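Single-structure report; data block below.
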Amino acid sequence: MNLFKFADIRRGKDSSDRVGQFMLGSYIILFLLFLVLPLGALISKSLENKDGEFIGLANYSLYLQEPALFQSLYNSLFVAIISTIIVVVLAFLFAYAITRTCMPFKGFFKLVALIPLLSPSILAAIALVYWFGNQGVLKEILLGKSIYGPIGIIMASVYWTFPHALIILTTSLSLSDSRLYEAAEVLKTSKLRAFFTITIPGARYGIISTAFVIFTQVFTDFGVPKVIGGNYNVLATDIYKEVVGMQNFQMGAVISMVLLVPAMIAFFIDRYSRKKQISLLTSRSVVFKPKKHFKVDMIMLAFCSVLALIIILMIGMAQYGAIVKFWPYNLNLTLKNYNFEVAGLGWDSFYNSVRLAFYAAIFGTIIIFVGSYLIEKLRINEGTRNVVQFFALMPMAVPGLVLGLAYIFFFNAKDNPLNFIYATMIILVVNTIVHFYTVSHLTAVTALKQMDKEFESVSLSLKIPIYKMFWRVTLPVCLPPIFDVSIYLFVNAMTTVSGVIFLYSYDTTLASVSAIHLDEQGEVAKAAAMAMLIVYVSVAVRLTHTIITKKVLRKTQAWRYNILDTK
Amino acid sequence: MAYLEVKDLSKFFGTFQAIKDIEIEINEGEFVCFLGPSGCGKTTLLRCIAGLETQSSGSIIQKEKDISIEPPSNRDFGIVFQSYALFPNLSVFSNISYGLINNKWKKEDINKRVNELLELVNLQEHTSKYPSQLSGGEQQRVALARALATSPGLLLLDEPLSALDAKVRVFLRKQIRDLQRKLGVTTIMVTHDQEEAQTMADRIFVMKDGEIIQSGTPKEIYNKANSPFIASFIGSMNFIPASIDASKKVKCNDVEINCDIGSFSENDNVQLAIRPEEIQFQQENQDDNVVSGVIKEIEFLGSFQRVYFKTKNFSDELIIVDVPSSNAKKIKMDIDNEMSLYFSKEDARIYSI
Ligand SMILES: Nc1ncnc2c1ncn2[C@@H]1O[C@H](COP(=O)(O)OP(=O)(O)OP(=O)(O)O)[C@@H](O)[C@H]1O
Ligand SMILES: [Mg+2]
């Protein structure tokens with residue numbers, strides 16, 4: 001048969017098509033420059049010797065012969081797996097309490113549970129030092145074990161990854177069909193049996209997805225083990241030591257590859273289980289409404305209260321540590337820890353962080369939203385669109401530390417014409433946008449999928465170019481998710497460590513990185529103060545966001561609320 | 001010369017052929033319907049004409065200009081979708097004026113044109129409302145006004161009424177039809193509702209599995225359906241197994257039927273088709289066919305009554321007869337009554353099996 005027969009004829013192009021095609025091309029180039037080629041540079045670095053000659057897998061066999069490095073891999077897996085198990089269990093129960101019981105104060109618990117999102121992961125580590133460190137308040141309950149090591153890493157990791165797990169699990173548990181429970185009740189199934197035969201299987205994919213996300217986050221995290229890991233080496237700290245300490249870039253690249261592979265695998269399993277999750281819910285499902293059950297509600301209230309208290313105690317201790325004169329000998333309050341001049345740093349790094357966060361939020365939101373629009377709504381070049389879609393999902397699988405190292409190799413190369421962005425604010429902004437691309441992209445795609453798919457067709461039939469419609473209709477309608485994306489980028493740019501630890505320069509030090517260096521120099525109180533500054537900004541931005549959504553949107557988006565006003 | 005010609009149009013999705021070698025000619029000012037069951041390719045054909053879908057082969061000629069490879073923005077049409085696709089953040093006024101603004105209209109001209117359109121679709125009071133504040137029928141009319149705003153030469157409607165409830169649908173059928181007559185705009189409507197097609201269209205193209213299997217006026221399609229599929233899709237139909245005997249007469253079991261056998265020849269197995277509303281309980285003409293039997297069941301359906309009739313020797317299945325309620329009073333119809341059915345030679349059709 002003539003294969004040609006199945007193909008569509010070549011249609012002429014109009015200005016919308018041409019603009020779309022041009023932009024799609026630009027995205028391909030940007031992704032190549034800022035994601036694919038840097039990763040290529042990383043891989044090729046791992047196959048070179050110090051003089052830049054190709055030596056095949058020699059570095060890898062060297063790695064395998066080094067028991068100390070191997071131990072780190074084991075350590076990384078150990079803390080990641082234990083943390084994942086703890087987080088999944090705690091977050092599942094917490095999510096269950098929020099979605100499936102009539103426990104009081106749900107709103108308060110939801111709010112408190114999200115607090116860790118506002119701080120860099122090292123804040124948890126610093127708080128733990130105050131609680132359980134050598135001069136900690138509760139040092140005794142560790143029974144002689146040191147907080148500096150796996151215990152501290154696991155505790156801090158559980159703290160900062162908890163809200164991430166909670167978000168996925170709450171969504172997954174709220175997508176359940178109440179008819180199943182009604183059927184179980186009619187069949188006189190016990191509550192416990194219903195829990196194990198309906199609830200758990202229903203949330204199965206959510207749990208799997210959570211487990212892989214948390215595993216990857218802990219496995220690839222740098223800040224926490226750096227601050228509280230002590231002599232307990234993990235892959236992330238090894239990379240840092242090889243690169244910054246010993247200038248052994250080749251070995252840094254090899255360990256990065258070791259870090260990258262499990263992250264990739266986790267990523268694909270996560271994608272797969274999310275797809276499954278969606279198809280579980282049919283359009284005819286009836287949303288579950290919890291019933292009062294005094295005993296269960298009270299047990300859950302106690303459980304959530306304990307977790308909420310722990311979260312508050314952690315952040316509270318970090319704040320307390322930041323304003324105490326000289327822990328633990330002089331507990332008078334002071335603001336002198338916020339004077340970073342003494343440590344030779346000043347507030348510059350804080351201002352730099354805020355600038356970085358602003359740039360990443362503004363440019364990132366524009367780039368990511370336009371990109372997702374092209375992928376979702378352009379009517380031509382399906383193949384190219386799929387490639388861009390693949391690129392957009394890729395960053396999720398690349399740990400920040402690995403991306404940062406890849407950027408060094410690629411942009412620091414003398415013969416790279418983009419060399420000029422090295423050690424500037426630009427590279428930090430680009431790195432941050434790429435690092436947090438996927439989640440933002442998926443948020444934007446979800447919003448766009450909810451728009452009528454014929455808007456573009458209508459516009460074309462009325463001879464209005466698509467980009468004008470984008471401006472006049474798509475953007476205003478998608479404003480709330482756009483705000484969400486920009487907030488997400490802002491807060492993450494403020495708090496990230498692993499993404500930028502290799503990329504800052506003397507002029508572009510960042511608050512989160514400074515906190516690590518302050519801690520390294522033994523200035524724990526100043527480190528706490530610096531970390532808390534990040535929290536203040538994040539809180540302020542979140543509050544502003546809430547106000548904007550409530551007030552400004554109500555004005556500019558009358559159409560959204562009018563229904564309520566007239567009826 | 002026809003206003004719109006579609007020549008030998010085919011469209012593949014992968015290796016699946018959604019529409020096959022479509023040939024259509026539509027005259028200026030005509031209102032035509034693409035009618036067919038779900039999935040037969042109506043929407044695909046409409047979207048190819050609009051340029052929103054690119055055909056795999058074939059050509060489209062509008063006003064003697066070959067538009068086969070033109071992008072949609074270079075074609076002259078307005079379109080209304082099943083979902084209406086009204087812009088939620090724009091008021092009724094802005095939705096309707098949406099297409100005018102780019103075309104460099106003056107402000108007062110835009111105002112005038114929009115008011116004209118609002119009047120046309122009877123929505124004067126709703127200018128500043130947002131789509132979410134309108135009922136389904138009102139939204140539908142805004143979509144129609146928006147599509148007509150730029151005075152396109154061709155209006156495309158994809159199941160424009162299917163999201164509405166029955167009452168509104170009947171009302172809007174007439175409104176759209178009147179509007180179309182008044183403006184004289186050539187219109188193609190896609191629907192799977194045969195009643196809608198029957199009441200609105202000048203001409204119907206019946207589609208099945210990506211092909212046009214019959215075209216003609218509603219009357220022609222109803223009376224001279226060229227296949228059992230169409231005969232049963234448009235209205236309802238009794239089908240009775242039959243054969244043609246050596247003397248070229250149609251026979252159902254033992255009963256000989258007086259009807260035109262067309263091009264069938266002896267010993268062919270065929271099916272006899274008669275519409276329920278074309279069967280009577282009283283003889284009207286001398287040469288009417290007569291079948292006797294008993295009434296098994298009667299359904300009261302408002303304007304008519306549906307009778308299920310068990311015949312002797314004629315058919316194993318129950319025969320459906322629709323009797324207008326006004327007639328039903330005159331005839332004594334009771335269950336288990338022995339009665340005779342009559343139908344004329346002209347109303348009996350023969351199809352192959
Ligand atoms: N984008 C597409 N990709 C693959 N197949 C498609 C696509 N669009 C339509 N089809 C297939 O082509 C066939 C015709 O689809 P079309 O939408 O034209 O049907 P329709 O007659 O409008 O049906 P309905 O009355 O349900 O709207 C269907 O079998 C459909 O599954
Ligand atoms: Mg359709």
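Letters go in sequence order (proteins before strands), and every chain restarts at 1. Just so it is clear, the structure is predicted and the values come from calculations on it, not from any experiment. Heavy-atom basis, side chains included; hydrogens, waters and symmetry copies ignored.
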Worksheet item: Given that the side chain runs from C-beta out, which part of B/Y98 has a heavy atom under 4.5 Å from chain A: side chain, backbone, both or neither?
Response: both
Worksheet item: In terms of heavy-atom pairs under 4.5 Å with chain A, which of B/L90, B/I79, B/D76, B/V80 leads?
Response: B/L90
Worksheet, complete the sentence: Under 4.5 Å to a heavy atom of chain A? For B/F87 that would be both
Discussion item. Check this for me, if you would: do A/R11 and B/E53 make a salt bridge, where the nitrogen-to-carboxylate-oxygen distance has to be below 4.0 angstrom?
Written reply: no
Practice prompt. Select one option (side chain, backbone, both, neither) describing which atoms of B/L86 are under 4.5 Å from chain A's heavy atoms.
Written response: backbone
Worksheet item: Side chain, backbone, both or neither: which part of A/R10 has a non-hydrogen atom closer than 4.5 Å to chain B?
Response: backbone
Worksheet entry | A/F267/A/Y272 under ring pair (Phe, Tyr, Trp, His ring centres under 6.0 Å): CA gap, chis, key distance, verdict | CA-CA 9 Å; A/F267 168 76; A/Y272 175 77; over 10 Å; no
Worksheet item: Is it true that B/R113 and B/E116 have a side-chain N and a carboxylate O under 4.0 angstrom from each other?
Response: yes
Worksheet item: For residues A/Q21 and A/R18, is any side-chain donor paired with an opposing acceptor at under 3.5 Å?
Response: no
Worksheet item: Can you find a side-chain donor-acceptor pair between B/T191 and B/D193 that sits under 3.5 Å?
Response: no
Worksheet item: So what's closer than 4.5 Å to chain A heavy atoms on B/R47: side chain, backbone, both or neither?
Response: side chain
Worksheet entry | When A/S459, A/S15, A/S16 are compared by non-hydrogen pairs under 4.5 Å with chain B, the top option | A/S459
Worksheet item: Once the angle between the rings of A/F391 and A/F31 is folded into 0 to 90°, is it parallel (under 30°), tilted (30 to 60°) or perpendicular (over 60°)?
Response: tilted
Worksheet item: By a 4.5 Å heavy-atom criterion (distance strictly below it), what part of B/K11 contacts chain A: side chain, backbone, both, or neither?
Response: side chain
Discussion item. Can you tell whether the side chains of A/K463 and A/D14 come within less than 4.0 Å, N to carboxylate O?
Written reply: no
Practice prompt. Describe, in one word, how the ring planes of A/F369 and A/F470 are oriented to each other, choosing from parallel (under 30°), tilted (30 to 60°) and perpendicular (over 60°).
Written response: tilted
Worksheet item: Using non-hydrogen atoms only, which part of B/Q55 is less than 4.5 Å away from chain A: side chain, backbone, both, or neither?
Response: both
Practice prompt. Return the option, out of B/Y84, B/F77, B/F13, with the maximum number of heavy-atom pairs under 4.5 Å with chain A.
Written response: B/F77
Discussion item. Please identify, among A/I9, A/T474, A/D17, the residue contributing the most non-hydrogen atom pairs under 4.5 Å to chain B.
Written reply: A/I9
Fill in: Heavy-atom contact with chain B under 4.5 Å, split by part of A/M451
neither
